[in-house]
Amino acid sequence: MLFNGRASIALCTLAQLLLTEVQAIPVVPKPDIDQSPAEKRQVRPVQPITIIDPATRIPVDPVTRIPVDPITFEPVTRIPITLQTIGTFETVGTIGTVGTIGVTRPTFATLSVPSAEYTTPIQYTTPIQYTTPIQYTTPNQYTTPNQYTTPPYGYTTPGYTQPTTTRTTTTSSTSTKTSATPSYTPIVGANNTCYNRLKIDILERTDPDQFNMLVLAWAKIQNTPDSDIFGHYQLSGIHGAPYITWQMGPGSYDTSRGYCTHGSNIFTTWHRPYLLALEQSLFHTAIQIASTFTGAAQTQYLAAAGRVRLPYWDWSDPTTQSYLPPITMVSTVTVTQPGIGGNPVSAVISNPLWAYNFQSPSSTAPLAPFNNRQSTRRYPDANWLDRSNLASASMQSGFTGRVTQTYNAFLSSTYNTFSNNVEGIHDAIHGAVSGGGQMGYISVSAFDPIFWLHHCNVDRLMAMFQTYKPNLWIAPAPGVGTFARPSWLGLTDDTNSELYPFRRADGSWWRSTHTTPVSTIWSSKYGYPEVPCSYQTRPASDLQNFAISQINRLYAGNRPSIPATNRDWNVRLLIDQSEIAGGYDIYVYGGTRPSDPYSDPYGKGYVGSLSSMSTGSADAYKQSRIRFVDVSLNAYLKEYGYYGSDTYKITEYITRNLYYTIIANGRPCYFQDLRTAKIAVYSRDVYDNGKSDSLPYYSSSQYYYTNVTERTPGGIKYVDEILYPIKVDGTREIPWAEQNYTRIET
Ligand SMILES: *[C@@H]1O[C@H](CO)[C@@H](O)[C@H](O)[C@H]1NC(C)=O
Ligand SMILES: *[C@@H]1O[C@H](CO)[C@@H](O)[C@H](O)[C@H]1NC(C)=O
Ligand SMILES: *[C@@H]1O[C@H](CO)[C@@H](O)[C@H](O)[C@H]1NC(C)=O
């Protein structure tokens, strides 16, 4: 069966096959079922659609029945059909060709078209429509904007009612939860004064007492029952599986996704209160543990617990580079904990920063495809033994490209572009750390403790960008569906979108607007070394200058060189993320490539990649949406002596020396089989005085070199292919519409 089982979907060539086939067999019954008046109101006028048989040029009925041979169940007539939209909306020409019709049981195969048929309530209210694999795994069925022109029928804004989970432990931030009203715990972070979140290695070295309390607290919340809403299990579960509510009452939830927003302009802001929730739990738990010491140790460790903040892993740092922080790679850790009579005793415990051990098989049962794994792992071997050293090596191979991408993200001219760029770097890290472990799956990645250190760094980069560019902020863009908010056409994410399930102290939902300006982090009692608490009382311009100097000090290794005007070179990769099921990566190599990119994708020649994390399993498709990433070629060109503005020399060199590899679910996949994956090479002018008190900026023009890509599979021949990219359903999405581009045809 094509639609069940991961083996059949592992190759993107098969995924491609599926798309073609599914267009042919949506098998949508005419909505002749009796509908309630309420349902009828949901029906939008049917958009006129004509199906034209290109052989005869004769239009056929939108829902046409083709006789099939009852013996072989083969369609008798195999006619290619071209779908055209006419009438009230723009003529988009050929939107797809339906190939031959697959085999269906009845003597008639029903062919219908993606038209307003799909907008009737029966589509999204009938459970069978919503959950049948054929419906769910096909991008065209589930994810195209044509699906829902109004919020899914029956969907109500999630409300809040008394949580059914009652907290029994006394760890972490329970104090406010015991009162009857309000009956939720708001996400406010620590409750004392502002302390900087520190780089994990520096925390360990410079504040060992705080580090000790952090480890004790994290170990403790990893060992509370799964029902503890501020325990590691529940907090991690907000992100994806097990797809249950967190401090929210009954309602319509989309149990195919978690609360997290990915591929959205609110990616960075949603994760901010998310991290704060864990920090809040760690902080209060640390204080609770510290108070069980006695005497001088109690004073010492209570003070240390008050400083407990989530540390970060800076994977672009020039000194520690992209290696995994050593403390995240060892299975045990030595701590000082309260012993008999509250006296401090040294003990060796299982390291909560290395792995999370689930409480029981029932904890992992809903966490497919890891439902039989009782712990988190990175690069697990056949015996599920951890090989974090391979994760570390894989990360390190990407360092040069990563630090360049990190620096270039700060040069983004809009907030949405910054967010997309940072998310792209972040996605590739999930892949590089995972190696088949939980980190590569949106559904379960948050269970791996390194997830939190990784995301804390994303939050830090966001804070640095907010400091550097205080006037840029989230612009409205097409929204993404989440657990608490099903997707529908017209869903927009903007600064006021609710960041479910997190509540503010006043009971309202967190929204992105609460995370701007950057000083709001100080109100949540934390800062970063680059946006330090100590600047709270200083002029904003001092802070901005300080942050700029830090961005340059840390990440300017491959900044465009002095003097002033130079060229910056990039490969832009894009794809409709729903075209391939599961998790996949498109890698760019320069000059050379690993002899076996399947076992060593980040090896020799790695320049950068576009990653798409699996949402849950290898055969789960994502929402249809254009994702793109800019892979900087600057460092690579510099290394080979081709950096500069000699366009002929550089384009000629790039044409011959760039390689592309797609790996989907561990298997090869080819551009030839994909409709929406595109490669473009562009350059732009950069103005850079090379000084540490300013950052370079780009001209608004981008020059696309189709002569570099036109003979490469997946490479663009026309600039429109990259400026107005096409999605799997044939419509176009312009993910960077807010920017202005000048184009050059070659
Ligand atoms: C802060 O939280 C701790 C417990 O975690 C509590 O003992 C203390 O009273 C709280 N302080 C304030 C000002 O609410
Ligand atoms: C590619 O096109 C650009 C722009 O027209 C041109 O400057 C460059 O020399 C061309 N490169 C090659 C290798 O022909
Ligand atoms: C794009 O161009 C228009 C018209 O020239 C201008 O008003 C707008 O500010 C520009 N947008 C950006 C992001 O540069």
Side-chain angles (χ1 to χ4, degrees), residues 167 169-179 182 185-195 210 213-214 216-218 220-221 224 228-231 235 276-293 298-299 301-310 338 504-506 522-526 566-572 590 633 637 640 642-658 679-685 699 701-712 715-723 741-746:
R167 215 186 136 88
T169 59
T170 51
T171 58
S172 69
S173 53
T174 51
S175 43
T176 55
K177 225 190 140 296
T178 48
S179 58
T185 302
I187 302 306
V188 296
N191 74 357
N192 52 0
T193 54
C194 187
Y195 284 100
Q210 185 197 151
M213 295 318 299
L214 173 87
L216 288 179
W218 211 332
K220 176 151 189 174
I221 65 165
T224 56
D228 175 359
I229 60 162
F230 276 89
L235 289 174
L276 202 56
L278 177 68
E279 185 166 83
Q280 180 169 329
S281 178
L282 293 172
F283 170 84
H284 288 284
T285 307
I287 289 185
Q288 200 235 339
I289 297 170
S291 63
T292 62
F293 281 105
Q298 186 185 74
T299 313
Y301 286 111
L302 269 177
R307 298 192 296 275
V308 164
R309 298 293 182 274
L310 196 61
R504 308 270 297 166
D506 66 4
W522 296 329
S523 311
S524 298
K525 312 298 183 200
Y526 75 90
N566 223 317
R567 274 282 169 84
D568 165 86
W569 290 84
N570 293 279
V571 173
R572 176 163 285 182
L633 298 177
L637 288 170
Y640 285 82
Y642 282 90
Y643 193 72
S645 50
D646 183 340
T647 305
Y648 177 81
K649 205 171 129 192
I650 292 177
T651 50
E652 198 265 344
Y653 180 75
I654 294 175
T655 307
R656 284 187 294 109
N657 290 286
L658 285 187
I679 302 165
V681 168
Y682 74 88
S683 79
R684 56 194 157 175
D685 291 323
S699 76
S701 307
Q702 296 186 347
Y703 305 92
Y704 285 88
Y705 301 95
T706 50
N707 55 351
V708 171
T709 48
E710 63 195 352
R711 283 180 295 276
T712 307
I716 62 162
K717 295 185 182 62
Y718 309 100
V719 179
D720 281 359
E721 293 177 83
I722 208 85
L723 292 185
Y741 291 102
T742 310
R743 16 188 283 199
I744 284 204
E745 310 272 358
T746 55

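Whatever order the structure lists them in is the order used to number ligands and atoms, beginning at 1.
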Taking the inter-plane angle between the rings of Y301 and F293 on a 0 to 90° scale, is it parallel (under 30°), tilted (30 to 60°) or perpendicular (over 60°)?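 It falls in the parallel class, under 30°.
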Please determine whether any non-hydrogen atom of T647 lies less than 4.0 Å from an atom of ligand 2.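 Yes, that is the case, since the closest heavy atom of the residue is under 4.0 Å from the ligand.
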With a heavy-atom distance limit of 4.0 Å, tell me whether Y705 approaches ligand 2 through its side chain, its backbone, both, or neither.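 Side chain only; the backbone of Y705 stays clear of ligand 2.
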Set of residues satisfying side chain to side chain donor-acceptor pair (under 3.5 Å) with respect to D646, sequence neighbours excluded: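 Residues passing side chain to side chain donor-acceptor pair (under 3.5 Å) with D646: none at all.
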Taking all atoms of both residues into account, what is the closest heavy-atom pair of R567 and D685, and its distance?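 Residues R567 and D685, closest heavy atoms: NE-OD1, 2.8 Å.
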Subset of ligand 2 atoms that lie under 4.0 Å from at least one heavy atom of T651: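 Atoms satisfying the 4.0 Å criterion: 8 (C), 10 (C), 11 (N), 12 (C), 13 (C).
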Test item: E721 side-chain N/O and I716 main-chain N/O as donor-acceptor pair under 3.5 Å: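 No.
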Can you confirm, on distance only, whether ligand 2 has an N/O atom lying under 3.5 Å from any N/O atom belonging to E652?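 No, E652 has no N/O under 3.5 Å of an N/O on ligand 2.
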